[in-house]
There are 2 protein chains.
Amino acid sequence: MAKLQKSIDKRNALVKATIELVNNNGFHATPMSKIAKMANVSPATIYLYFENKQDLVNQTYIDVKAEYTKYAFKDFDTNLPVEKGFELIWKRIADFKLKECENAMFLAQCDNTPMIDELSRQQGIKHLQPLLDLWTRGRKEGIIKPMSDYLLYAYSINPLSFLMIAQKRGSFQLDVTHLEEAYQSAWSSIKVCK
Amino acid sequence: MAKLQKSIDKRNALVKATIELVNNNGFHATPMSKIAKMANVSPATIYLYFENKQDLVNQTYIDVKAEYTKYAFKDFDTNLPVEKGFELIWKRIADFKLKECENAMFLAQCDNTPMIDELSRQQGIKHLQPLLDLWTRGRKEGIIKPMSDYLLYAYSINPLSFLMIAQKRGSFQLDVTHLEEAYQSAWSSIKVCK
DNA sequence: TATGTAAAAATGAACGTTCATTCTTTTTTT
DNA sequence: AAAAAAAGAATGAACGTTCATTTTTACATA
């Protein structure tokens, strides 16, 4: 195998192990030794790929966040009408939270704890721009409520994180019917009422 | 001072220190020695009040959760019409998240990490019943969408956690205008559209 | 293709530190 | 003066990181 590919594989294995272990135990209860073992690597090897534990988790966060937004905007097209565009993005995000559950759980934990450096956090937000642009257009067209992006995100996107966690804990099953209800609630909360 | 009161004070100091330190550093990055120091107590003394570190954080969680729901339902009356009752509870919860920021941050972190025992987590949910009852009544009267409690909570209550965290991070200011907008979004997302 | 070799990558053991918890002693209360 | 509460120092385990060494890779030469 090519040297480069082997390096990439090893880095990916480390990132994947970090996600799984941090999901189950939290950042500080996840020792480097366990990450190494799960990635089939010596603890010392981690330090060839990452500066230290904080760097490993920061980079993992940025990686996953990039995957998330790439997934979210896959079929998005800026020419779509606002409502259609929003529905498309919303459903892709919902898909991500349900199918890429491990990744989504990791992000939820990062976003609600002091686990990630502020710099990496800001790096992670960057790629959300297409959604913010869509909302700007929607407000101009009088379709979206004239509210802050934070409020729009809080009401239309963030609830999916709560539902995902509830689902992971087993207390709740987010099936196709629920998903449609959830979408309607999301849209209701941000659209201008006629 | 009475012996009992002194004990209560000491326990409260420990709980308060735990909240502050865990908010800033996370559970595992908060040593017992620091908790002790902040509460003006010897590390060994903690073990007179709590079994171990896990017990301390579990009990802190249950304490704060109880405070949260007590605050939320303070002026609530089951005879209120559904919409009025919801508005009252929602605004009390919003108040809590903004004024009792430390407490609310702590709950957010607990609810999104594997920090708390499952048993304590379930103990914490118990006191939310009045809101669930209100929703049941609302659904019967055709005022509230016929959706799962989880969905109703995700859309009408949980967004406040996101907004609180954004506000704490300084990226966003949740003032009176925003609060009214937020309430309208919350209500829009769960009310039946006429 | 086979071989030798220098550099790079990877390793396991070791180090120094930190932490939760306990033990023994001291202080406070009754 | 006995009992209860609190203290600080001690203990042993676990952790992040580094170090000395081994293994693998890349490649020049034959």
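Excluded from the calculations below are hydrogen atoms, water molecules and symmetry mates; all remaining heavy atoms, backbone and side chain alike, are included. Chain letters run A, B, ... following the sequence lines, proteins first and then strands; every chain starts at 1.
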Q) Just how far, in rounded Å, is C1' of dA5(D) from CG of L14(B)? A) 14 Å
Q | Between H127(A) and Y68(A), ring centroids under 6.0 Å | A | no
**Q.** Face-on cation placement of K53(B) at F27(B) ring, 6.0 Å and 45° thresholds
**A.** yes
Q) Expressed in angstrom and rounded to an integer, what is the separation of F50(A) atom CZ from dA10(C) atom P? A) 12 Å
Q: Report yes if at least one side-chain N or O of T45(B) is closer than 4.0 Å to OP1 or OP2 of dA7(D); otherwise report no.
A: yes
Q) Should D133(B) and Q129(B) be marked as a side chain to side chain donor-acceptor pair (under 3.5 Å) after you check the CA-CA gap, both sets of side-chain angles, and the distance that decides it? A) CA-CA 6 Å; D133(B) 292 342; Q129(B) 203 54 44; 3.1 Å; yes
Q | Euclidean distance, atom CG of residue D9(B) to atom C1' of dA5(D) [Å, nearest integer] | A | 15 Å
Q) Y71(B) ring centre to R92(B) NZ or CZ under 6.0 Å, with the angle to the axis within 45°? A) yes
Q) Do any side-chain nitrogens or oxygens of Y49(A) fall under 4.0 Å of OP1 or OP2 in dA9(C)? A) no
Q) Quantified as the angle between the terminal helix axes (five pairs each), what is the overall bend of the helix from dT1(C)-dA30(D) to dT30(C)-dA1(D) to 10 degrees? A) 10°
Q) Please give, in whole Å, the distance from dT23(D) P to L48(A) CG? A) 17 Å
(Q) What is the distance, to the nearest angstrom, from the CG atom on L56(A) to the P atom on dC15(D)? (A) 16 Å
Q.
Using 30° and 60° as the class boundaries, would you call the ring planes of F73(A) and F76(A) parallel, tilted or perpendicular?
A. tilted
(Q) A cation-pi test, strictly: NZ or CZ of K10(A) under 6.0 Å from the centre of the six-membered ring of Y49(A) and no more than 45 degrees from its axis. Yes or no? (A) no
Q) Over how many whole Å does the gap from I8(B) atom CD1 to dA5(D) atom P extend? A) 14 Å
Q: Would you mind building the protein contact string for nucleotides 17-23 of chain C? One character per nucleotide, 5' to 3', B for base within reach (heavy atoms under 4.0 Å), S for sugar-phosphate only, - for untouched.
A: --SSBBB
Q: Give the C-alpha distance, both sets of side-chain angles, the deciding distance and a yes or no for salt bridge (charged side-chain N to carboxylate O under 4.0 Å, His left out) between K84(A) and D77(A).
A: CA-CA 10 Å; K84(A) 265 285 155 245; D77(A) 172 352; over 6 Å; no
Q: On the 0 to 90° scale, with breaks at 30° and 60°, tag the W135(A)-F86(A) ring pair as parallel, tilted or perpendicular.
A: tilted
Q) Distance-only, no hydrogens or angles: does the S120(B) side chain make a donor-acceptor pair with backbone N or O of I116(B) under 3.5 Å? A) no
Q) The side chain of K10(A) lies closest to which of these nucleotides: dA7(D), dG12(C), dA10(C)? A) dA10(C)
**Q.** Distance, rounded to the nearest Å, where N40(A) contributes CG and dA9(C) contributes C1'
**A.** 16 Å
